[in-house]
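One structure, pasted below without further comment.
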Amino acid sequence: MTTSDAAIEAPLDRPPAAAASLASDVARRRTFAIISHPDAGKTTLTEKLLLYGGAIQMAGTVKARKSTRHATSDWMEVEKQRGISVTSSVMQFEYADHVINLLDTPGHEDFSEDTYRVLTAVDAAVMVIDAAKGVEAQTIKLLDVCRLRATPIITFVNKLDRDVREPLSLLEEIEAVLAIDCAPITLPLGMGRHFRGVFHLLDDRLVRFAAGEERVASDTETIVGIGNPRLEELYPDEIAALRHDVELIRGASHPFDLARFLAGSQTPVFFGSGINNFGVQEILRALIDWAPPPQPRDATVRVVQPTEPAFSGFVFKIQANMDPRHRDRIAFFRVCSGRYAPAMKARQLRTGRELKLASALTFMANERIASEDAVAGDIIGIHNHGQLQIGDTLSEGEPLAFRGIPWFAPELFRVARPRDPFRAKPLAKGLHELGEEGAIQVFTSAHTNTLLLGAVGPLQFEIVAQRLATEYKVDAIYEPAAIATARWLTWPDEATRRRFEREQAAALAVDVDGNAVFLATNKYNLQVTMERWPDIGFHATREHGERLAIG
């Protein structure tokens, strides 16, 4: 072991006061993602959480596309134009003496890979359900990903200011389709034009709704007790139905159980209207009171505790051109233990090199400031000049390896070439950076050096083309490729690799990390090739940052 190695791997001697301070700071953190099917109101809820948290003064709206107001979390130009989220945003703010790390995820299924990556970096999730549409396809997929890690989930049933489905019917559907027990915390009084408020079952009070109010703190009347005669005075036509639902819920539904929520088997359910700021404060309180602080993380060799003094964490996202004026690339890094300090050094597991973390950033969507301090649960941005990849682990002490951020084999492909041949290099550079970011998968044909784009959904191609045009000034032609799917390859030995490469040269490519990929023209072609080469591994997934080789 060299002298420098010994310095890196020596135990960190931190005084007891520093350890107590670290534990206190970690306990104040809440790191969560907002997930939903497209158009359920996820980005609007994000805006209103920021508004209540004091992080912004005015909430944007995805409907005000012709105005200068856009959702804070939708910071990319293409998101402002289309009114959709196509990349994840990180926002940190303080609320009720806690530090909140909120990660807004793309709702569109074509960008599900970005959402999957974000879900590896959080300790809880808020699931938004459209009260008119109920459980939708993308919600099912996202909950399945949360279930893999037993992520605690808070459910917000949104859009009660519209004519929607009955609350008990929605609760039954959530339980049946998502296979998770519901513990209603609030129940709505009316809906649409007759939406009057929500009854808080745990607090035994009705919080009244006043349409169109944009106040951060509501001063409307609160009525205690479901039997309060004041309710007949105010709502003679609606109160009977609410009392029936409250009685039924209290008698037949699962009471809220904090242990089951933390285990991911029960979800507390809130009803409200994000666009009207109604029910938002209850979500924030639930996150503060019930959501877990940063949790232990499996680092392959052992489980890392968040209050350990040695700094560690992993890169779960890379974003190119957050500031187009400076052509920057930022690595989004989840801190898993220890404390970040400016100019500290950490070891990169993949390369074994020491990196100096000179000036990390903290985020409010695309706005960022220098981070002077960060602990487990925080998301910091590291300036990346190509040395960091998605999935990389950095640690201050022993060589740890946080895993579980996947690439999925794409099933849609395009060939990319510039309209102007002199723009070939900018095209290659732009695609390489967007490929590292995870916006698209980029392969280079081993036979022709052709650039191939692989995507989960067709909208990815449109977004990448638009970003190349606006961020890299490259106008390219994208033509369908005669490829049905891809598989990453591992070899039993060097001789087998050479034989396969000679025979299948036209079907081989490499990804952005230099891994060999087999491009199948159809499913039958893939099946036959796998049968002919049973000793070769054909993989439909791989982990980010993983280098596949002979094994």
Side-chain angles (χ1 to χ4, degrees), residues 75-82 86-87 106 108 110-111 113-114 117 317-331 366 383-390 407-486 488 505-519 521 544-545:
W75 56 269
M76 293 172 64
E77 189 61 34
V78 65
E79 293 179 310
K80 295 176 183 178
Q81 292 173 6
R82 292 171 178 253
V86 301
T87 188
H108 200 289
D110 287 8
F111 302 95
E113 283 185 312
D114 200 41
R117 291 192 285 268
K317 174 182 173 60
I318 290 176
Q319 184 69 54
N321 301 319
M322 289 189 72
D323 184 352
R325 296 170 298 178
H326 297 99
R327 314 293 296 168
D328 63 348
R329 278 193 291 172
I330 302 296
N366 66 322
H383 289 283
N384 179 32
H385 304 289
Q387 76 274 28
L388 290 173
Q389 297 177 0
I390 292 174
W407 287 108
F408 297 94
E411 296 195 354
L412 297 172
F413 296 85
R414 298 286 188 273
V415 176
R417 59 184 177 86
R419 292 186 187 276
D420 180 355
F422 291 103
R423 301 295 290 166
K425 284 188 177 180
L427 173 63
K429 179 179 185 293
L431 287 177
H432 182 77
E433 291 185 359
L434 294 178
E436 285 186 339
E437 176 187 315
I440 198 89
Q441 294 195 46
V442 180
F443 307 98
T444 304
S445 169
H447 187 58
T448 64
N449 281 331
T450 303
L451 289 172
L452 295 163
L453 309 185
V456 174
L459 188 56
Q460 280 183 274
F461 293 126
E462 295 181 36
I463 298 299
V464 165
Q466 191 165 348
R467 290 188 62 188
L468 282 169
T470 58
E471 297 172 21
Y472 296 89
K473 310 305 179 188
V474 175
D475 184 15
I477 299 170
Y478 305 92
E479 299 170 330
I483 301 167
T485 191
W488 285 277
L508 292 179
V510 293
D511 65 12
V512 291
D513 291 332
N515 295 301
V517 179
F518 177 73
L519 303 173
T521 53
H544 280 283

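By convention here, the first residue in the shown sequence is residue 1.
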### Task
Verify, without hydrogens or angle tests, whether Arg423 (side chain) and Lys473 (backbone) share a donor-acceptor contact under 3.5 angstrom.
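Answer holds: yes.
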
### Task
Please name the pair of heavy atoms, one in Ile390 and one in Ile318, separated by the smallest distance, quoted to 0.1 Å.
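Minimum heavy-atom separation between Ile390 and Ile318: N-CD1, 3.7 Å.
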
### Query
Do Arg414's NZ or CZ and the ring of Phe461 fall within the cation-pi criteria of under 6.0 Å and 45°?
yes

### Query
Where do Ala409 and Ala486 come nearest, in terms of heavy atoms and distance?
CB-O, 3.2 Å

#### Entry: Beyond-backbone contact of Val442 with Leu452, side-chain heavy atoms, under 4.5 angstrom
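The answer is no, as the side chains (C-beta and beyond) never meet within the 4.5 Å cut-off.
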
### Query
How about Leu453 and Phe413: do any of their side-chain heavy atoms sit closer than 4.5 Å?
no

### Message
If you define the side chain from C-beta out and look only at heavy atoms, does anything of Leu519 sit under 4.5 Å from Leu508?
### Response
no

### Query
Leu388 and Ala331: which non-hydrogen atoms are nearest, and at how many Å?
CD1-CB, 3.8 Å

### Task
Report yes if the side chains of Leu412 and Pro458 come closer than 4.5 Å at any heavy-atom pair, otherwise no.
yes

### Task
Applying side chain to side chain donor-acceptor pair (under 3.5 Å), run through Asp511 and Gln441 and close with a yes or a no.
CA-CA 8 Å; Asp511 65 12; Gln441 294 195 46; over 6 Å; no

#### Entry: Nearest-0.5 Å distance that lies between atom CZ in Arg467 and atom CD in Glu462
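One finds 14.5 Å between CZ of Arg467 and CD of Glu462.
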
### Task
Mark yes or no for whether Lys425, through its side chain, and Phe422, through its backbone, hold a donor-acceptor pair below 3.5 Å.
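Side chain of Lys425 to backbone of Phe422, a donor-acceptor pair under 3.5 Å: no, none is there.
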
### Message
Within the 4.5 Å heavy-atom criterion, are Leu451 and Thr444 side-chain neighbours or not?
### Response
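A side-chain contact exists here, since the closest heavy-atom pair is under 4.5 Å.
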
### Message
Please find the pair of heavy atoms, one from Ala481 and one from Val415, that lie closest to each other, and give the distance.
### Response
CB-CG2, 3.8 Å

### Query
Side chains of Glu479 and Arg417: closer than 4.5 Å at any heavy-atom pair?
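Yes; the side chains approach each other to less than 4.5 Å.
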
### Query
What distance do Asp475 atom CG and Leu427 atom CG have between them, rounded to the nearest 0.5 Å?
10.0 Å

### Query
Quick one: does Leu468's side chain get under 4.5 Å of Leu431's, heavy atoms only?
yes

### Query
What closest approach, in Å, do Ile440 and Ala455 show between heavy atoms, and which atom pair accounts for it?
CD1-CB, 3.8 Å

#### Entry: Considering all heavy atoms, the nearest Gln387-His383 contact
NE2-O, 3.6 Å

